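Quick caveat: nothing in here was measured; it's all calculated off a predicted structure.
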Amino acid sequence: EERSYKPSQALFGVVQGAQYEDLRRHAARGLAGLGFDGFGIGGALALVGNTERLLGLAEDLTLDRAPAIVWEMKIVLVMGFVTLAFLNFVWAHRLFGYCAIVMAAVPNDPDDPSAMDRASQAAALNISAARSFNRGLRNVYFALGSMTWLLGAVPLMIGVVLTVGVLFRREFASHSREVLMRNTPK
């Protein structure tokens with residue numbers, strides 16, 4: 001069914017079945033063909049240390065027969081990147097807030113002796129916040145790339161190459177960078 005009344009919202013399917021493997025499989029098969037925008041993956045850390053459920057999920061995701069510890073490492077890696085991204089975004093948000101406060105404290109009179117000092121403080125906070133935000137974005141990219149490890153070694157290699165390629169293009173070969181670098185002092 002079209003959701004024309006909320007076009008900007010995605011609809012995600014959630015696999016039900018709790019600890020009952022047969023119900024989870026049935027729910028996953030039923031949801032697969034319904035055309036959802038995505039599928040919610042929750043409780044990833046709850047799987048770590050819960051070998052039976054973890055191997056059940058691993059069996060649902062791939063044909064790989066790796067031991068539970070390997071699957072735990074895969075999930076911990078992805079969750080590590082996601083956690084780092086979250087922390088970097090929170091810190092960037094806080095620094096952008098500080099920057100706004102300091103910018104508001106810059107005197108309007110450019111001849112005021114404290115104007116340049118305050119403006120320099122605001123600039124330094126803004127640069128630090130932007131760096132933290134950029135680190136958060138990189139962690140998101142690497143989390144997405146490392147999720148391919150759940151599908152096996154070859155998808156991981158492809159995911160890493162794609163992730164590094166996207167990062168390189170966005171950081172060094174994008175139109176945005178070209179615009180930013182125009183007329184900058186050398």
With a 4.5 Å cut-off on side-chain heavy-atom distances among I, L, V, M, F, W and Y, is there a chain of contacts connecting [X] to [Y]?
| X | Y | result |
| --- | --- | --- |
| F133 | L144 | yes |
| F172 | L137 | no |
| V160 | L77 | yes |

Taking [Y]'s backbone N and O only, do any of them form a donor-acceptor pair with [X]'s side chain (distance below 3.5 Å, no angle check)?
| X | Y | value |
| --- | --- | --- |
| S128 | A124 | no |
| T163 | F142 | no |
| N134 | A130 | no |
| S146 | A143 | yes |

Looking only at heavy atoms, which two atoms of [X] and [Y] are closest? And how far apart?
| X | Y | answer |
| --- | --- | --- |
| V140 | F89 | CG2-CE1, 3.9 Å |
| L156 | T148 | CA-OG1, 3.3 Å |
| A122 | V102 | N-CG1, 3.7 Å |
| A115 | V106 | O-CG1, 3.9 Å |
| A92 | A129 | CB-O, 3.4 Å |

Euclidean distance, [Y] [atom2] relative to [X] [atom1], rounded to 0.5 Å:
| X | Y | atom1 | atom2 | result |
| --- | --- | --- | --- | --- |
| N88 | L95 | CG | CG | 10.5 Å |
| E171 | R138 | CD | CZ | 4.0 Å |
| H175 | R169 | NE2 | CZ | 10.5 Å |
| F81 | Y141 | CZ | OH | 14.5 Å |
| D111 | M116 | CG | CE | 11.5 Å |
| C99 | I127 | SG | CD1 | 9.5 Å |

Note to self: By the side chain to side chain donor-acceptor pair (under 3.5 Å) test, which pairs, at least two apart or in different chains, include something from residues 92-110?
What the structure shows: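 Residue pairs passing side chain to side chain donor-acceptor pair (under 3.5 Å), neighbours aside: R94-Y98.
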
